[in-house]
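Encoded as structure tokens, the structure appears first; notes follow it.
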Amino acid sequence: MCLTVQANSASGMHVSDECKLKFLELKAKRNYRFIVFKIDEKAQQVMIDKLGNPEETYEDFTRSIPEDECRYAVYDYDFTTPENCQKSKIFFIAWSPDTSRVRSKMLYASSKDRFKRELDGIQVELQATDPSEMSLDIIKGRVNL
């Protein structure tokens with residue numbers, strides 16, 4: 001379990017060591033290609049929904065995200081620069097489809113900045129309400145920003 005959303009608390013939510021640890025493993029050790037996070041509304045906390053193995057593809061990642069429920073995700077995108085250097089960028093994706101419940105969209109929107117701040121090392125952020133807004137072409141286009 002990753003974060004606890006504390007109602008009526010000035011600090012918003014607490015981020016557990018597990019979320020930070022898995023993110024650090026993705027960032028430093030490259031143990032994962034992606035991590036999908038889910039808010040458990042009953043428990044009022046964010047937990048890890050899915051860990052993607054290093055060999056998984058972007059298609060595997062997009063299939064891990066439910067089409068009608070909100071999620072947060074980080075994706076480690078590998079690319080080659082025009083100078084032929086191998087690099088990677090860590091993307092933070094806030095997935096909030098139009099078909100998800102209003103309460104869920106509000107909860108994810110209000111918790112996003114606090115959660116994202118706890119994940120030190122995010123280089124690019126994407127907001128997506130439709131799969132086309134987080135397509136591989138969009139990812140490739142955001143690499144050079």
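For the single chain, residues carry numbers from 1 onward in sequence order. Because the structure is predicted, anything quoted here is derived from the model rather than measured.
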Using 4.0 Å as the upper bound for N to carboxylate O, is an ion pair formed by Asp120 and Lys20?
no

Quick one: CG on Asp49 to OH on Tyr72, what's the gap to the nearest 0.5 Å?
13.5 Å

Using salt bridge (Lys or Arg N to Asp or Glu O under 4.0 Å) as the criterion, point out the one residue from Lys112, Lys89, Arg142 that pairs with Glu125.
Lys112

Does a side-chain heavy-atom distance below 4.5 Å link Asp76 with Phe61?
no

Going by an N to O cut-off under 4.0 Å, is there a salt bridge joining Arg63 and Glu59?
yes

Can you find a heavy atom in the side chain of Ile39 that is under 4.5 Å from one in the side chain of Ser111?
yes

For Glu18 and Leu21, run side-chain contact (heavy atoms from CB on, under 4.5 Å): C-alpha distance rounded to whole Å, both residues' side-chain angles, the deciding distance at 0.1 Å, then the answer.
CA-CA 5 Å; Glu18 184 195 5; Leu21 179 67; 5.6 Å; no

Rounded to the nearest 0.5 Å, what separates atom CZ in Arg101 from atom CE in Met106?
11.5 Å

Are Lys38 and Tyr108 side-chain neighbours, meaning at least one heavy-atom pair lies under 4.5 Å?
yes

Keeping Gln123 on the side-chain end and Ile90 on the backbone end, is there a donor-acceptor pair under 3.5 Å?
yes

Rounded to the nearest 0.5 Å, how far does CZ of Arg117 lie from CD1 of Ile122?
11.5 Å

Once you round to the nearest 0.5 Å, how far does CG of Asp98 lie from CG of Asp68?
11.5 Å

Assess whether side-chain contact (heavy atoms from CB on, under 4.5 Å) is satisfied between Glu118 and Val46, documenting all intermediate values.
CA-CA 12 Å; Glu118 297 291 339; Val46 175; over 6 Å; no

Is the backbone N or O of Ser96 less than 3.5 Å from a side-chain atom of Ser100, with the two atoms forming a donor-acceptor pair by type?
no

Could you state whether Ile48 and Phe115 fall into the same hydrophobic cluster, counting links through intermediate Ile, Leu, Val, Met, Phe, Trp or Tyr residues with side-chain heavy atoms under 4.5 angstrom apart?
yes

Do Asp130 and Ser132 have a side chain donor and acceptor closer than 3.5 Å?
yes

Only one of Phe34, Phe37, Tyr32 clears side-chain contact (heavy atoms from CB on, under 4.5 Å) with Val74; which?
Phe37

CD1 of Ile35 to OG of Ser64: how many Å apart, nearest 0.5 Å?
12.0 Å

Can you see which heavy atom on Leu51 is nearest to which on Glu56, and at what distance?
O-OE2, 4.1 Å

Side chain proximity check, Lys105 to Cys70, heavy atoms < 4.5 angstrom
yes

Ile138 and Trp95: same hydrophobic cluster, using ILVMFWY side-chain contacts below 4.5 Å?
yes

Side-chain contact, heavy-atom cut-off 4.5 Å: Tyr75 with Ser88?
no

Can you confirm whether Pro131 sits close enough to Glu67 that some side-chain heavy atom of one is under 4.5 Å from a side-chain heavy atom of the other?
no

Heavy-atom side-chain contact between Ile139 and Leu126 under 4.5 Å:
yes

Atom pair NZ/CD1 of Lys50 and Ile65 - distance to nearest 0.5 Å:
11.0 Å

